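Written below as structure tokens is the structure these notes are about.
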Amino acid sequence: MMNLRHIEVFHAVYETGSVSAAARALNVSQPSVSKVLKHAESRIGFALFQSVRGRLVPTNEAHILFREARELYNRVESLRETTKNLRRGDDGLLRLGVLPSIGLEIAPAAIAKFRRENPDVSVELQTLHNNDVLRSLYERQTDLTVGFDAPHHPRLREMVVGTGELVGLFRKEDLLNPPDRISLEAFKGHDLIRLTGAGVVGNLFSNELSVDAFGDATIFVQTYYVAAALVRHGAGVAVVDEFTARASQRNDLYFRPLTDEAEIKVYCVHLEDRPLSRTAEKFIEVLEAEIASSRF
């Protein structure tokens, strides 16, 4: 059987295509890589690579084995990443993961205020999509995530820190004299930019708001700020969260809340078995105030 060292070397050679490149990636000598690779092949009883024009080409068996080895290798890398981040973590560092919509305006404003009140705390900020939340928390890449979804997972705990609405976003020239609240009917005749894989916000739009009048949408995007940029360039109109709309607003770009009000909740999520530090609790207080002050 192959051990973890065999798998690590096999993975590196498979990914890089040569012993020399694998050695550089692993920060070891070429003879060491060659020795481990030969030992792995002797243990499993078949060749993993063939030399073709000076390049190592995986055998059919190697292609099959790599699918299994890659999953195990990724788990080992996840363990290493978790260990490294556990070693780094303390109350003097706050690691945040936020959805792109939150990262445009709300999170930067909250972080700036938080840092003025807590100048000794460093902050690491990264943007995440919904599917990345559990991994980032589990690997301790983040201490706290902020988004519109509350992932239903036994290892996660969430809290509501604010609310918002979906709004219609459009150029001034596309809708003259818009009312205080707008219906999608007002957008008839314009291309509607839609979101795919948008989580709970996208579901609100898809399930609760009627878009039959528009037929098939011509543009699909994955993030609201891209939808806003498309609107700004005249590609159509969009329904986005109000935080993205506010951050994207220009002199020629307007937004209005919808007549069929669609509320969205903003959640903070953290690991169930890792209680929030006092630093994180302070940031949440600042974030709640920032979200409340940014509302209509």
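Note that the structure is predicted; figures quoted are calculated from it, not measured.
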### Query
Between Ser32 and Val28, is there a donor-acceptor pair closer than 3.5 Å when you use the side chain of the first and the backbone of the second?
no
### Message
Under 4.0 Å between a side-chain nitrogen and a carboxylate oxygen: does that hold for Arg155 and Asp273?
### Response
yes
### Task
May I have the step-by-step check of salt bridge (charged side-chain N to carboxylate O under 4.0 Å, His left out) for Glu165 and Arg181, ending in yes or no?
CA-CA 12 Å; Glu165 285 190 63; Arg181 286 188 173 269; 3.0 Å; yes
### Task
Would you please test Val121 and Phe114 for side-chain contact (heavy atoms from CB on, under 4.5 Å) and show each step?
CA-CA 9 Å; Val121 177; Phe114 174 78; 3.9 Å; yes
### Task
Verify the distance criterion only: is there a donor paired with an acceptor across the side chains of Ser136 and Thr142 at less than 3.5 Å?
yes
### Task
Kindly compute the distance separating NE2 (His6) from CG (Leu37), expressed to the nearest 0.5 Å.
9.0 Å
### Task
Looking only at non-hydrogen atoms, find the nearest pair between Pro257 and Val167 and report the distance.
CA-CG1, 3.8 Å
### Query
Salt bridge or not for Arg67 and Glu71, using N-O below 4.0 Å?
no
### Message
As a quick check of understanding, evaluate side-chain contact (heavy atoms from CB on, under 4.5 Å) for Ile44 and Met2, giving each step before the final call.
### Response
CA-CA 7 Å; Ile44 61 179; Met2 296 173 70; 3.4 Å; yes
### Task
Might you point out which heavy atoms bring Leu258 and Val239 nearest each other, and give the distance in Å?
CD1-CG1, 4.0 Å
### Message
When you group the ILVMFWY residues by side-chain heavy-atom contacts below 4.5 Å and let the links chain together, are Val9 and Ile64 in the same group?
### Response
no
### Message
Testing the basics here: between Thr59 and Ala47, what is the closest heavy-atom pair and its distance to 0.1 Å?
### Response
OG1-O, 3.0 Å
### Message
Contact between Asp149 and Val133 at the side-chain level, heavy atoms closer than 4.5 Å - yes or no?
### Response
no
#### Entry: Heavy-atom side-chain contact between Ile106 and Ser294 under 4.5 Å
yes
### Message
With a 4.5 Å cut-off on side-chain heavy atoms, are Ile193 and Phe220 touching?
### Response
no
### Query
Any link between Val52 and Val19 through a network of hydrophobic side chains (Ile, Leu, Val, Met, Phe, Trp, Tyr) touching at under 4.5 Å?
no
### Query
Are Val98 and Thr145 close enough, and set up right, to give a side-chain contact (heavy atoms from CB on, under 4.5 Å), and what steps lead you there?
CA-CA 5 Å; Val98 301; Thr145 66; over 6 Å; no
### Query
Are Phe10 and Val57 in one and the same hydrophobic cluster, where Ile, Leu, Val, Met, Phe, Trp and Tyr link if side-chain heavy atoms are under 4.5 Å apart?
no
### Query
Where do Leu192 and Ala238 come nearest, in terms of heavy atoms and distance?
CD1-CA, 4.3 Å
### Query
Are Asp191 and Val237 close enough that some pair of their side-chain heavy atoms sits under 4.5 Å apart?
no
### Summary
So CD of Glu242 and CD1 of Ile291: to nearest 0.5 Å the spacing works out to 10.0 Å
### Query
Just how far is it from atom CD of Glu173 to atom CG of Asp252, taken to the nearest 0.5 Å?
7.5 Å
### Task
Run the salt-bridge test on Glu285 and Lys282 with the 4.0 Å N-O cut-off and return the result as yes or no.
no
### Query
Got more than 12 heavy atoms from elsewhere within 6.0 Å of CD, Glu68?
no
### Query
Are the side chains of Val36 and Arg5 in touch, meaning some heavy atoms are under 4.5 Å apart?
yes
### Summary
What one should report as the nearest heavy-atom pair of Arg43 and Asn3 is NH1-ND2, 4.4 Å
### Query
So which heavy atom on Phe243 is nearest to which on Ser101, and how close?
CB-O, 4.3 Å
### Query
What distance separates His63 NE2 from Leu48 CG, expressed to the nearest 0.5 Å?
11.0 Å
#### Entry: Leu125 CG to Ile102 CD1 distance, which is reported to the nearest 0.5 Å
11.0 Å
### Task
Would you please say whether a donor-acceptor pair under 3.5 Å links the side chains of Ser18 and Ser20?
yes
#### Entry: Carboxylate-amine/guanidinium proximity below 4.0 Å for Asp143 and Arg274
yes
### Task
For the pair Tyr14 and Phe66, name the ring-plane relationship: parallel under 30°, tilted 30 to 60°, perpendicular over 60°.
parallel
### Step-by-step side-chain contact (heavy atoms from CB on, under 4.5 Å) determination, Leu99 to Val146
CA-CA 7 Å; Leu99 287 185; Val146 187; over 6 Å; no
### Query
For Leu96, which of Ile111, Leu128, Leu287 qualifies under side chain to side chain contact (heavy atoms under 4.5 Å, CB included)?
Ile111
### Task
Determine whether Gln141 and Arg135 make a side-chain contact, defined as any pair of heavy atoms from C-beta on separated by less than 4.5 Å.
yes
### Query
Quick one: do Glu41 and Lys38 make a salt bridge, cutoff under 4.0 Å?
no
### Sub-4.5 Å side-chain heavy-atom contact between Pro100 and Tyr224
no
### Under 3.5 Å donor-acceptor, Ser34 side chain and Pro31 backbone
no
### Query
Can you find a pair of side-chain heavy atoms, one from Val266 and one from Val160, that are under 4.5 Å apart?
no
### Message
Return the CG to OG1 distance between Leu169 and Thr244, rounded to the nearest 0.5 Å.
### Response
9.0 Å
#### Entry: Flag for Arg95-Gln126: side-chain donor and acceptor within less than 3.5 Å
no
### Message
Could you check, using the six-membered ring where one of them is a Trp, whether Phe170 and Phe255 have ring centers closer than 6.0 angstrom?
### Response
no
